Protein chains: 2
Amino acid sequence: MMIATNEHFSSENIDEIRSYSIDQVAAQTGLTKRTLRYYEEMGLLPPTDRTGGNYRRYSDEDIHRIDHIKKLRDLLGFSLADIRAMLEVDDERGMLKEAYRQETEAAAKIDQLDRGDGLIRRQLQMIEQKIAGLEQMRTTLQATIERHERIRQQLSDNISSNT
Amino acid sequence: MMIATNEHFSSENIDEIRSYSIDQVAAQTGLTKRTLRYYEEMGLLPPTDRTGGNYRRYSDEDIHRIDHIKKLRDLLGFSLADIRAMLEVDDERGMLKEAYRQETEAAAKIDQLDRGDGLIRRQLQMIEQKIAGLEQMRTTLQATIERHERIRQQLSDNISSNT
DNA sequence: CCTCACATTGACGTAAACGGCAATCTTGTG
DNA sequence: CACAAGATTGCCGTTTACGTCAATGTGAGG
């Protein structure tokens with residue numbers, strides 16, 4: 001039973017469907033294995049594929065999702081509950097996208113798009129706010145450094161005039 | 001015994017030393033009273049002045065410090081332990097500033113400045129990183145919105161061509 | 001003077017986000 | 001094929017950052 005365990009590289013398959021062990025994913029994403037399992041348990045990550053021996057196998061898409069979660073967590077400071085809610089909206093949108101091929105209820109689709117955009121715009125607002133606050137912090141810190149620069153200069157002068 | 005409890009405004013004193021109750025500070029800073037007491041207990045805020053009846057009185061400087069703490073917490077996501085460590089460096093620098101008036105060990109002062117600047121530069125780096133990450137998120141979200149815009153446009157076309 | 005609203009400390013409680021251990025199963029390597 | 005290394009689930013422990021409650025003190029208004 002060939003499950004494409006994908007050691008070294010197996011470029012035998014045209015599909016090029018990479019998959020990674022939990023250890024690899026932990027190393028690459030900077031999360032711990034425990035955290036990865038926890039995120040799956042909490043519904044942030046969909047149940048991954050499994051090998052014959054019930055080992056988790058992460059896809060590239062999974063890794064993208066994990067990176068996204070990390071950004072929402074570390075850059076925006078959202079709670080996991082918040083993140084899950086957002087991802088659910090994204091997933092809904094993704095499912096809608098799937099349905100695009102067959103359905104024809106254009107009006108309903110537009111509504112869904114609007115709903116999704118609402119969330120996105122709120123996220124954008126938070127991002128703008130954060131950036132603004134950070135830029136302000138940056139300028140004050142830079143000002144402090146420059147002030148120190150001048151003080152240092154003056155201290156040097158004092159020293160030389162003191163010899 | 002007049003302690004200048006500072007109701008409405010008391011512009012009787014030239015010094016204009018404002019002080020605020022814990023309730024006022026909570027309202028203004030957006031922290032809870034519990035959190036303010038907690039931060040003091042944890043050493044993030046210095047023990048405030050007290051009224052005769054042992055009520056806390058916050059100064060404008062205290063409020064500045066609280067705002068700074070909020071930024072470090074909310075914008076940069078530091079733990080309270082991290083923040084305390086940073087503030088301790090700041091305080092050290094502040095004390096040094098005080099000593100500037102009498103002392104003359106210019107070399108030692110420069111060393112202290114260097115030490116402080118090290119921390120500041122690290123903070124600046126973190127800020128730059130966060131800003132960069134946030135800007136990237138922003139552009140991808142904006143791209144998504146624009147994509148949706150085009151899809152919406154196409155859906156509208158479909159509707160009109162469907163009547 | 002009484003009272004009712006607000007403050008204080010101390011103690012215990014708790015939600016979020018994992019960490020760590022045990023018992024069991026899987027798997028690549030000699 | 002034996003065996004050590006690594007994965008799984010289940011479960012309990014822990015830290016952080018507060019919330020909440022109780023007992024007590026304080027202080028301006030009627």
Side-chain angles (χ1 to χ4, degrees), chain A residues 1-10 19-58 62 66 69-87, chain B residues 1-8 10 19-45 47-58 62 66 69-87:
Chain A
M1 189 175 181
M2 177 74 188
I3 307 203
T5 43
N6 197 288
E7 226 46 50
H8 54 86
F9 338 167
S10 72
S19 82
Y20 312 89
S21 74
I22 193 170
D23 224 19
Q24 292 175 302
V25 176
Q28 200 201 320
T29 63
L31 300 181
T32 68
K33 294 184 281 182
R34 177 69 176 91
T35 300
L36 289 171
R37 298 196 189 97
Y38 179 64
Y39 283 2
E40 179 179 331
E41 189 184 344
M42 291 297 103
L44 295 180
L45 299 173
T48 64
D49 290 347
R50 300 294 185 111
T51 71
N54 203 30
Y55 282 18
R56 264 166 264 255
R57 287 270 111 189
Y58 292 85
D62 289 332
I66 293 167
I69 291 173
K70 270 202 70 179
K71 283 183 182 171
L72 290 174
R73 190 192 67 172
D74 297 339
L75 293 177
L76 292 179
F78 285 127
S79 72
L80 298 187
D82 290 343
I83 294 175
R84 180 176 44 204
M86 294 176 179
L87 292 177
Chain B
M1 188 175 183
M2 177 75 189
I3 305 201
T5 44
N6 196 287
E7 227 45 53
H8 53 86
S10 74
S19 84
Y20 312 89
S21 75
I22 194 171
D23 224 19
Q24 292 175 303
V25 175
Q28 200 200 318
T29 63
L31 301 181
T32 68
K33 295 184 281 183
R34 176 67 176 95
T35 300
L36 289 172
R37 296 197 189 97
Y38 180 64
Y39 284 2
E40 178 179 331
E41 190 184 342
M42 290 297 103
L44 295 180
L45 299 174
T48 64
D49 290 348
R50 300 294 182 112
T51 71
N54 202 31
Y55 283 18
R56 263 166 266 256
R57 287 271 112 189
Y58 292 85
D62 289 332
I66 292 166
I69 292 173
K70 270 202 70 179
K71 283 182 182 171
L72 290 174
R73 190 192 66 171
D74 297 340
L75 293 177
L76 292 180
F78 286 127
S79 73
L80 298 188
D82 290 342
I83 295 175
R84 180 176 46 204
M86 294 176 178
L87 291 178

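Please read these numbers as outputs of a predicted model, since none were measured by experiment. Sequence lines set the chain letters: A, B, ... in the order given, protein chains first and strands last, and positions in each chain run from 1.
- Counting to the nearest Å, the C1' atom of dA7(D) and the CG atom of L36(A) are 13 Å from each other.
- With sequence neighbours left out, the salt bridge (charged side-chain N to carboxylate O under 4.0 Å, His left out) criterion links R73(A) to no other residue.
- Residues L45(B) and I69(B) are in side-chain contact: their nearest non-hydrogen atoms beyond the backbone lie under 4.5 Å apart.
- Counting heavy atoms from C-beta on, the side chains of L31(B) and Y39(B) come closer than 4.5 Å.
- Distance CD1 (I22(A)) to P (dG6(D)): 14 Å, rounded to an integer number of Å.
- Note: CZ (R37(B)) to P (dT9(C)) measures 7 Å, nearest angstrom.
- Between R56(A) and dA7(D) there is no side-chain polar atom (N or O) within less than 4.0 angstrom of OP1 or OP2.
- With a 4.5 Å cut-off on side-chain heavy atoms, R37(A) and I22(A) count as touching.
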### Query
How would nucleotides 14-27 of chain C be written as a contact map, 5' to 3', with B for base contact, S for sugar-phosphate-only contact and - for no contact, using protein heavy atoms under 4.0 Å?
---BBBB-----BS
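- M86(B) contributes atom CE, which lies 5.5 Å from atom CG of D82(B) (distance to the nearest 0.5 angstrom).
- The shortest distance between side-chain heavy atoms of P46(A) and D62(A) falls below 4.5 Å.
- Following rounding to the nearest Å, I83(B) (CD1) and dT16(D) (C1') show an atom-to-atom distance of 12 Å.
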